[in-house]
2 protein chains.
Amino acid sequence: MRVLVDCQGADNSPAAEVEGALLALKAIPELRVVLLGDEEKIREVISRHKIRTPRLEIVHAPDEVTGNDKPTDAIRLKKDSSLIRGIRMLREDDTVDALVSNGASGVLVAAATLRIGRIEGVRRPAFCPMVPNMLGTPVGVCDSGANVDVTPEMLQQFAIMGTHYMQVFRGIENPRVGLLNIGKEEEKGDDLRREAYKLLEKTPGINFCGNMEAREFLSGEYDLVVADGFSGNVLCKCAEGTALEVLKRLKRDINSKKKYQMGGLLMKKMFEEEKEFMNYLNYGGCALLGCEKVIIKGHGSSDRIATKVSIEQACKMLKGGMNERIRESIARIEGEEQ
Amino acid sequence: MRVLVDCQGADNSPAAEVEGALLALKAIPELRVVLLGDEEKIREVISRHKIRTPRLEIVHAPDEVTGNDKPTDAIRLKKDSSLIRGIRMLREDDTVDALVSNGASGVLVAAATLRIGRIEGVRRPAFCPMVPNMLGTPVGVCDSGANVDVTPEMLQQFAIMGTHYMQVFRGIENPRVGLLNIGKEEEKGDDLRREAYKLLEKTPGINFCGNMEAREFLSGEYDLVVADGFSGNVLCKCAEGTALEVLKRLKRDINSKKKYQMGGLLMKKMFEEEKEFMNYLNYGGCALLGCEKVIIKGHGSSDRIATKVSIEQACKMLKGGMNERIRESIARIEGEEQ
């Protein structure tokens, strides 16, 4: 397994990515890592650690893509950036299996879509982040922002790709799939949702459990939510924001009275654990499903632990043969449709 | 002010609606109420209270619309239901000003759209519920489910109607308006959002503050969120569900250890207040903005207090001349466009 790690463009670059890679190399004996970025800066971080391994390479790609770059411009003009260079290596080099980047997601999606082949039959790559539900099990949301305009057939494919992902990455045998909608009944929502409902009902290999209202997202009744990229994005970010705002509010409450402060002291550890529990960085990066190579977009604020988790995640997807599984399932439904 | 109250079709009907009306009559001297429903059952509830007032009428409309009724069927076949009868009275009777219903929202929207005139120039009526943010101020979301397919011009109108609503109902002078989108920058999202952004920027009378990501929904930075009905619905329900799930999870945590239980005892009142704070029933019903008459859709699980709040809300909108204000603002922008 040879994994590219983009060491630029994020809040804690390059330290988070370099140190995350070192941790992953230590944990996974069969892993090889290629660090992409400013070689001097990367070597500087490595030199702080007493590590020598032939499983670590560096490719000098000093240019940097930022969130302000227009995707098409970045692809055209920043060929020497670590991100675009990584995408090119994924395409051209058969010995490279995966890319982990904490950088600009818009550029990543555009470059991956334009430059890397999709798995045969896949209509569009889709993002699938993990959001912790309140029972402690992460829920996947596919798509969560790669595609704002989708068709029923794309939603069907998101369900298939997401199902394999939950099986391979999270070990859930028969993930319960919900279609994000504004009501439970089959006929609710717009034409897109009604058409998708019918397709999902007859899709082999997925455990379709009907429409899911946003209220039930974290209830533990679903393992995978299928959505267009716009509303999927709203769902993930709203859940994340609301959970953090509630904790912040409770903290304010606690500080408002002596009595509550005393209670808060007794529960200090509990609240710390909750904050950690709700920290999305602990749940791995966001996989871009459907490309011929494995791609993980880590959070921009990833630290070395989060980056390590993202690299491990890529390895899990490779070991589990996720893309082959997706290819087979998609071939099956696309064959039936013809 | 003569307000119709639909006494059927909800979890606690007719007691919640009848008793809510009695409470509202007591609180607002200039209010007159018409209760619609099964006369015998309504009288039975009234008889439990020692109240006699000429400001209370009953219209016998015994048939009931449920959430399972298809809107078009209900309108055609259930003419003697309290809801459809109420809509007809709104249309035909000039002395009737508003309708409050805790019943089926799909039927209510369809019947209101088809049978009651829209305010001149208004393209579509839109729902605008209130969601408490974490600073204690409710945020309006317009639309939250009445329209799944919208145009940029509709989003612009939602911003105008919602602004007047926040001014009249919540007394916020210059409500900060955010456009729900999947990124902060102007060019983010789909064509719909990009077009709407441009329109909102040049709309007079609104305080447009740019794109809002779902993560910021409850941060206190916005008073009104403009959205298509699908993603607006996802936003409201996800925030509601997540807040309740977090509180549920903390409760489980507290019960897991003696030490936390002791802390929980000290904070009992605080948690009770938080639960009450997050109870959406306290924030009034969901206004359907843009119809010629005032319409409030109360939550299906409304109790008498929630129903009273919904009736008071209708009175506030009438007293504030909300519909006249909307008419003027819409005429202004539609005039400019021609």
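Convention: sequence-line order gives letters A, B, ...; per-chain numbering from 1.
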Q: Which answer fits Ile254(A), side chain, backbone, both or neither, if we ask what part of it has an atom under 4.5 Å from a heavy atom of chain B?
A: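 Backbone plus side chain of Ile254(A), per the 4.5 Å heavy-atom cut-off to chain B.
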Q: Dump the intermediate steps for side chain to side chain donor-acceptor pair (under 3.5 Å) on Asn233(A) and Lys237(A), then the final yes or no.
A: CA-CA 6 Å; Asn233(A) 189 281; Lys237(A) 286 183 183 160; 3.1 Å; yes
Q: Looking only at heavy atoms and a cut-off of under 4.5 Å, which of Lys257(A), Glu216(A), Met262(A), Arg252(A) has the most pairs with chain B?
A: Arg252(A)
Q: Leu192(A) versus chain B, heavy atoms under 4.5 Å apart: side chain, backbone, both or neither?
A: neither
Q: Considering the options Asp73(B), Thr66(B), Asp69(B), which one meets the side chain to side chain donor-acceptor pair (under 3.5 Å) requirement together with Lys78(B)?
A: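 Of all the options given, the one that passes is Asp69(B).
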Q: Would you name the heavy atoms of Phe277(B) and Met134(B) that are closest together and state the gap between them?
A: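 Between these two residues, the closest heavy atoms are CE2-SD, 4.4 Å.
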Q: Can you tell which part of Glu245(B) gets under 4.5 Å to a heavy atom of chain A, answering side chain, backbone, both or neither?
A: both
Q: Could you tell me which portion of Phe217(B) (side chain, backbone, both or neither) has an atom closer than 4.5 angstrom to a non-hydrogen atom of chain A?
A: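 When you check distances to chain A, only side chain atoms of Phe217(B) fall under 4.5 Å.
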Q: Using a strict cut-off of less than 4.0 Å between a Lys/Arg side-chain nitrogen and an Asp/Glu carboxylate oxygen, indicate whether Glu195(A) and Lys198(A) qualify as a salt bridge.
A: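 Looking at Glu195(A) and Lys198(A), the cut-off is met.
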Q: Pick from Leu250(A), Ile182(A), Val246(A), Leu218(A): which one has the most heavy-atom pairs with chain B under 4.5 Å?
A: Ile182(A)
Q: Kindly confirm or rule out a cation-pi arrangement of Arg124(A) over Phe158(A), judged by NZ or CZ under 6.0 Å from the six-membered ring centre and within 45° of its axis?
A: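 Arg124(A) over Phe158(A) ring: no.
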Q: Checking heavy atoms, do the side chain of Glu213(A), its backbone, both or neither come under 4.5 Å from chain B?
A: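 For Glu213(A), side-chain heavy atoms alone lie under 4.5 Å from chain B.
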Q: Under a 4.5 Å heavy-atom cutoff, which of Leu244(B), Asp228(B), Leu265(B), Leu180(B) has the most pairs with chain A?
A: Leu180(B)
Q: Which pairs pass salt bridge (charged side-chain N to carboxylate O under 4.0 Å, His left out) with one or both residues in residues 270-287 of chain B, sequence neighbours excluded?
A: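 Checked against salt bridge (charged side-chain N to carboxylate O under 4.0 Å, His left out) - neighbours excluded - the pairs reaching residues 270-287 of chain B are Arg249(A)-Glu274(B), Lys268(B)-Glu272(B), Lys269(B)-Glu273(B).
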Q: Using a 4.5 angstrom heavy-atom cutoff, name the option from Met267(B), Lys188(B), Met278(B) with the most pairs to chain A.
A: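 Of the candidates given, the most pairs with chain A belong to Met267(B).
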Q: Looking only at heavy atoms and a cut-off of under 4.5 Å, which of Leu247(A), Asn68(A), Asp191(A), Asn181(A) has the most pairs with chain B?
A: Asn181(A)
Q: Quick one: side chain to side chain donor-acceptor pair (under 3.5 Å) pairs with a partner in residues 129-143 of chain A, sequence neighbours left out?
A: Asp143(A)-Asn147(A)
Q: In terms of heavy-atom pairs under 4.5 Å, which option from Val234(A), Asp149(A), Asp190(A) contacts chain B the most?
A: Val234(A)
Q: Is it the side chain or the backbone of Ser219(A) that comes within 4.5 Å of chain B heavy atoms, both, or neither?
A: both
Q: On the six-membered ring of Phe230(B), is Arg193(A) placed so that its NZ or CZ lies under 6.0 angstrom from the centre and within 45° of the ring axis?
A: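 Yes, a cation-pi geometry.
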Q: Could you check which of Ser256(A), Cys236(A), Gly136(A), Ser231(A) has the highest count of heavy-atom pairs closer than 4.5 Å to chain B?
A: Ser231(A)
Q: Give a yes or no on this: more than 12 heavy atoms of other residues, nucleotides or ligands lie within 6.0 Å of atom NZ of Lys184(B).
A: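 Atom NZ in Lys184(B) is packed in, count exceeds 12.
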